[in-house]
Amino acid sequence: MLSIAKRTTAGAAILLIMPLAVWISGWNWEPGQSNAWLHFLFWITETVTQPWGIITHGVLCAWFLWCLRFRLKPALMLFAILGCAILLGQGVKSFVKERVQEPRPFVMWLEKTQNIQVDEFYALKRKARGEWVKSQLSSQHDIPAFLRKHWQKETGFAFPSGHTMFAASWALLGVGLLWPRRRTWTIAILLVWATGVMGSRLLLGMHWPRDLVVATLISWLLVTVATWLAQRLCGPLTPPVEEVQEIVERDQEP
């Protein structure tokens, strides 16, 4: 358990660098970034947004199972543990959101620029909120159409970030489960992807830095437990003897 906690803590520390730096700097979101840059960030965020998030989840599950090369029964058990860790994180996110009820940055900006109070906005049903955003921003041509549509869909509360919990959980699962296999490239790609998702949530006006920090910490706790369970129920995470030589050869590749 201690070695697992050390690995996941190191991964969480890497993920926290960006949101903590932004938080400490006092940066505040305002619309007006380059459309091309925002479009790129939008597609990063879409890898976590439904229905693409389901595809991302399936692909990552398949890749993890291949990397770990468990037999059928342990593999199915690991698949269930991975799924439960992600779903539990999303359940915790929804529970906290409804109790904290923190407005999104773009909603606060709309309060300053449009004729509606934040409390009145969130008193509406979700569908009505989306319709209101659509009608109020129909003439705002400085806001890209894809971002306006995204805002229409994402009218819930901000704290904590569900997108961050999804991406951070997978990145930390990579650190926890795949590090003994020395899947360095997979871990690096997952950490960069998760950081990109977190950055996209900030620059698209969806979250405050504290939302990302708390979401990452929740993910760290859930993933540490999930990785420990995987080791207890599915077998040791260290590679078998026949796989050690392959790892050595892979590490020696330029």
Worksheet item: Should F146 and L38 count as side-chain neighbours, where that means a heavy-atom distance under 4.5 Å?
Response: yes
Discussion item. Which residues pass the side chain to side chain contact (heavy atoms under 4.5 Å, CB included) test with T47, not counting sequence neighbours?
Written reply: T56, W193, V197
Worksheet item: Would a hydrophobic clustering, with Ile, Leu, Val, Met, Phe, Trp and Tyr connected at side-chain separations under 4.5 Å, put M18 with F40?
Response: yes
Response to the item:
Of L173, L60, L172, the one forming a side-chain contact (heavy atoms from CB on, under 4.5 Å) with L190 is L60
Worksheet item: Does W23 belong to the same Ile/Leu/Val/Met/Phe/Trp/Tyr cluster as I218, with side-chain heavy atoms less than 4.5 Å apart forming each link?
Response: no
Discussion item. So, using side-chain hydrogen bond (donor to acceptor under 3.5 Å, both in side chains) as the criterion, who are the partners of S169 when residues are at least two apart?
Written reply: S219
Worksheet item: How far does OG1 of T49 sit from CH2 of W43, to the nearest 0.5 angstrom?
Response: 10.0 Å
Worksheet item: Do V59 and W52 share a hydrophobic cluster (ILVMFWY, side-chain heavy atoms under 4.5 Å, transitive)?
Response: yes
Worksheet item: So, the side chain of R7 versus the backbone of G176: is there a donor-acceptor pair under 3.5 Å, distance only?
Response: yes
Discussion item. Would H163 and M198 count as a side chain to side chain contact (heavy atoms under 4.5 Å, CB included) here? Give the steps.
Written reply: CA-CA 8 Å; H163 284 68; M198 295 161 73; over 6 Å; no
Item to complete: Taking all heavy atoms of A167 and all of V48, pick out the closest pair and write down the distance.
Response: CB-CG2, 4.5 Å
Worksheet item: How many angstroms lie between CD1 in I44 and CG in L204, if you round to the nearest 0.5 Å?
Response: 9.5 Å
Response to the item:
Taken in chain and number order and not counting sequence neighbours, the residues that satisfy ring pair (Phe, Tyr, Trp, His ring centres under 6.0 Å) with F159 are none
Item to complete: Give, for atom CG of L177 and atom OG1 of T227, the distance between the pair rounded to the nearest 0.5 Å.
Response: 4.5 Å
Worksheet item: With side chains defined as the heavy atoms from C-beta onward, is the minimum distance between W29 and W109 less than 4.5 Å?
Response: yes
Fill in: Flag side-chain contact, heavy atom, 4.5 Å: Y122 against P103
yes
Fill in: Shortest non-hydrogen contact between G11 and V175, atoms and distance
CA-CG2, 4.3 Å
Practice prompt. Begin with the C-alpha distance, continue with both residues' side-chain angles, and end with the deciding distance and a verdict on side chain to side chain contact (heavy atoms under 4.5 Å, CB included) for E131 and Q152.
Written response: CA-CA 7 Å; E131 290 297 326; Q152 291 168 36; over 6 Å; no
Item to complete: State, yes or no, whether a side-chain contact exists between F166 and H57 at a heavy-atom distance under 4.5 Å.
Response: yes
Worksheet item: Considering residues at least two apart in sequence or located in another chain, which fulfil the side chain to side chain contact (heavy atoms under 4.5 Å, CB included) criterion with L217?
Response: L16, V213
Worksheet item: Among pairs that include at least one residue of residues 84-106, which meet ring-ring contact (aromatic ring centres under 6.0 Å, His included), considering only residues two or more places apart or in two chains?
Response: F106-W151
Item to complete: Hey, could you give me each pair passing salt bridge (charged side-chain N to carboxylate O under 4.0 Å, His left out) that has a residue in residues 205-224? Not counting sequence neighbours.
Response: E102-R210
Discussion item. Checking one residue: I54. Which other hydrophobic residues are in its cluster under the side-chain 4.5 Å linking rule?
Written reply: none
Practice prompt. Drop me the distance from T216's OG1 to L221's CG, to the nearest 0.5 angstrom.
Written response: 12.5 Å
Worksheet item: Can you name the side-chain hydrogen bond (donor to acceptor under 3.5 Å, both in side chains) partners of T164, sequence neighbours left out?
Response: S161
Fill in: Those residues that, when tested against T8, pass side chain to side chain contact (heavy atoms under 4.5 Å, CB included) (two or more places apart)
I4, W220, V223, T224
Item to complete: Share the residues that join I189 in a hydrophobic cluster, the rule being Ile, Leu, Val, Met, Phe, Trp or Tyr side chains under 4.5 Å apart at the heavy-atom level.
Response: none
Item to complete: If a pair satisfies salt bridge (charged side-chain N to carboxylate O under 4.0 Å, His left out) and one of its residues is in residues 151-176, list it, with sequence neighbours excluded.
Response: R104-E154
Fill in: V225: partners by side chain to side chain contact (heavy atoms under 4.5 Å, CB included), with sequence neighbours left out
L229
Discussion item. Taking A158's backbone N and O only, do any of them form a donor-acceptor pair with H207's side chain (distance below 3.5 Å, no angle check)?
Written reply: yes
Worksheet item: Any link between I55 and M165 through a network of hydrophobic side chains (Ile, Leu, Val, Met, Phe, Trp, Tyr) touching at under 4.5 Å?
Response: no
Discussion item. Tell me if a side-chain donor or acceptor on R129 pairs with a main-chain N or O of T155 at a distance below 3.5 Å.
Written reply: yes
Worksheet item: Are any of the side-chain heavy atoms of W208 and P105 separated by less than 4.5 Å?
Response: yes
Worksheet item: Can you name the one residue among I17, L202, L212 that meets side-chain contact (heavy atoms from CB on, under 4.5 Å) with V22?
Response: L202
Item to complete: To the nearest 0.5 Å, tell me how far F64 CZ sits from W170 CH2.
Response: 5.5 Å
